[in-house]
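Letters A, B, ... mirror the listed sequences (proteins, then strands); counts begin at 1. No hydrogens, no waters, no symmetry mates; every other heavy atom, side chains included, goes into these values.
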Number of protein chains: 2
Amino acid sequence: MTPPAAKLTARRKSRPSFAPLSAHEAELAVFFVRMAGILGVPRSVAEIYSLLYASPDAVDFDQIQGRLGMSKGSVSQGLKFLRDHGMVLSVKAPGSRRERWQPTPSLAASLVTLLRSQVLPALEQSSPSLDRILAGAQGTQASPEVIERLTRLRRWNARALELFPLMLPPPRDA
Amino acid sequence: MTPPAAKLTARRKSRPSFAPLSAHEAELAVFFVRMAGILGVPRSVAEIYSLLYASPDAVDFDQIQGRLGMSKGSVSQGLKFLRDHGMVLSVKAPGSRRERWQPTPSLAASLVTLLRSQVLPALEQSSPSLDRILAGAQGTQASPEVIERLTRLRRWNARALELFPLMLPPPRDA
DNA sequence: GCGTATGTTCAAAAATTATTGAAACATAAG
DNA sequence: CTTATGTTTCAATAATTTTTGAACATACGC
């Protein structure tokens, strides 16, 4: 039943085997995956973040891939997402060209960045649209009730647009 | 090229043809669909809500289906979703068993209800989980840094759970 | 009480989104 | 310049979510 006596302790190029997640690490991942789901962040991204979050030291690419059992592509894309949203930081061990990853100190700040990146573009794109719609409604014989609704909607949109930039400085440039 | 002289003004059971969305209605739908997307609300639901929002009078099932060009199933499920989240109200014309739909007066309140329904269950389910995880981490020789992170996480979770019920009375029972 | 207008359900199909893995790419070290 | 290592890209596949439509329920007006 066991594989045919794999060369034991093969030197040099043996792929180092990685520990599967502990029960608690797995449970934490469930938590992060669930929360991420609300904002439409994919499971793999949440799992990566969760692993970093529960790790005392920075974690490198291969460890992420190995412990989570996911493909290189997913790890790369997941880290890109997290990087782009300012949710992780890399440190480089001297004498190695391998990057090692940590969660950004403030999860709260990360969340705001994430939220902003989802909501702001939608608000911005909608702004001229709402103006046009409202103007159109006022032009034609639209009902006062509808005009009232559209006016409120546009006011909201404008207020949200003002509010967002106040929450945190815009994402640092890479 | 035109269909073979369809019986014009067929009496009684002719399916009444519905006007397609005006340019402005369509643009408003784009707005709602985009916003809904952030919370993972399906396109069809957002389209229905948008139509009601832009309509001076309450709209019935067939009109929704006809003007949006969607299936009965989608309209039924979409209205169910909106109903369940307190986002629409129905009025019945006397002498007809047909329901006609309107958006709930406060979009803000609707949004809070929607948010709650997405976030609260996740928070509640996570609570005991986080307790276990933290207890586990403290038991074993987990790093102080990780324990600190998990503690913050649990504190957040607890605070959010307290905060949510304050935002609005729980959804009225159907 | 019927017969039918009005809605609902749910399995199957379509559409969308996430993941994989192999090949391309980048670059530090030799 | 060449190689070895580490990462990204992206077309193909897999997984998930949404939509459809026809069969099924219900209750209302007659």
Handout entry: Side-chain donor-acceptor pair present, Ser117(A), His85(A), cut-off under 3.5 Å
Key =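 Present: a donor and an acceptor within the cut-off.
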Exercise for the section: Might you point out which heavy atoms bring Arg152(B) and Pro105(A) nearest each other, and give the distance in Å? Expected result: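 Reported closest heavy-atom pair: NH2-O, 3.5 Å.
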Find the distance [X]:[atom1] to [N]:[atom2] and express it as a whole number of Å.
| X | N | atom1 | atom2 | value |
| --- | --- | --- | --- | --- |
| Asp84(B) | dT8(C) | CG | C1' | 13 Å |
| Lys72(A) | dC10(D) | NZ | C1' | 15 Å |
| Glu99(B) | dA27(D) | CD | P | 12 Å |
| Gln65(B) | dT8(C) | CD | P | 12 Å |
| Met70(B) | dG21(D) | CE | C1' | 15 Å |
| Phe61(B) | dT8(C) | CZ | C1' | 8 Å |
| Arg97(B) | dT26(D) | CZ | P | 12 Å |
| Asp62(B) | dG21(D) | CG | P | 15 Å |

Practice task
Would you classify Arg83(B) as touching base, sugar-phosphate or nothing, given that sugar-phosphate means primed atoms plus P, OP1 and OP2, and contacts are heavy atoms under 4.0 Å?
Solution key: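 Result for Arg83(B) = sugar-phosphate.
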Problem - Most 5' of Gly69(B) and Lys80(A) on DNA chain D, judged by nearest nucleotide - result: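 Result of the comparison: Lys80(A).
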Practice task
For a side-chain contact (heavy atoms from CB on, under 4.5 Å) with Ser126(B), tell me which candidate from Leu153(B), Asn157(B), Leu161(B) qualifies.
Solution key: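 Of the listed residues Leu153(B), Asn157(B), Leu161(B), the side-chain contact (heavy atoms from CB on, under 4.5 Å) partner of Ser126(B) is Asn157(B).
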Problem - N or O in side chain of Ser71(B) less than 4.0 angstrom from dG21(D) OP1/OP2 - result: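 It does not, given that no N or O in the side chain of Ser71(B) lies less than 4.0 Å from OP1 or OP2 of dG21(D).
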Practice task
Check whether any side-chain nitrogen or oxygen of Ser76(B) sits under 4.0 Å from OP1 or OP2 of dG7(C), and answer yes or no.
Solution key: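 No, Ser76(B) has no side-chain N/O under 4.0 Å of OP1/OP2 on dG7(C).
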Handout entry: Distance (rounded to the nearest 0.5 Å) between Ser44(A) OG and Leu68(A) CG
Key =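 Result: 9.0 Å between the selected atoms.
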Practice task
Could you pick out which residue, Arg43(A) or Arg98(B), lies toward the 5' side of DNA chain C when each is mapped onto its nearest nucleotide?
Solution key: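 Closer to the 5' end of DNA chain C: Arg98(B).
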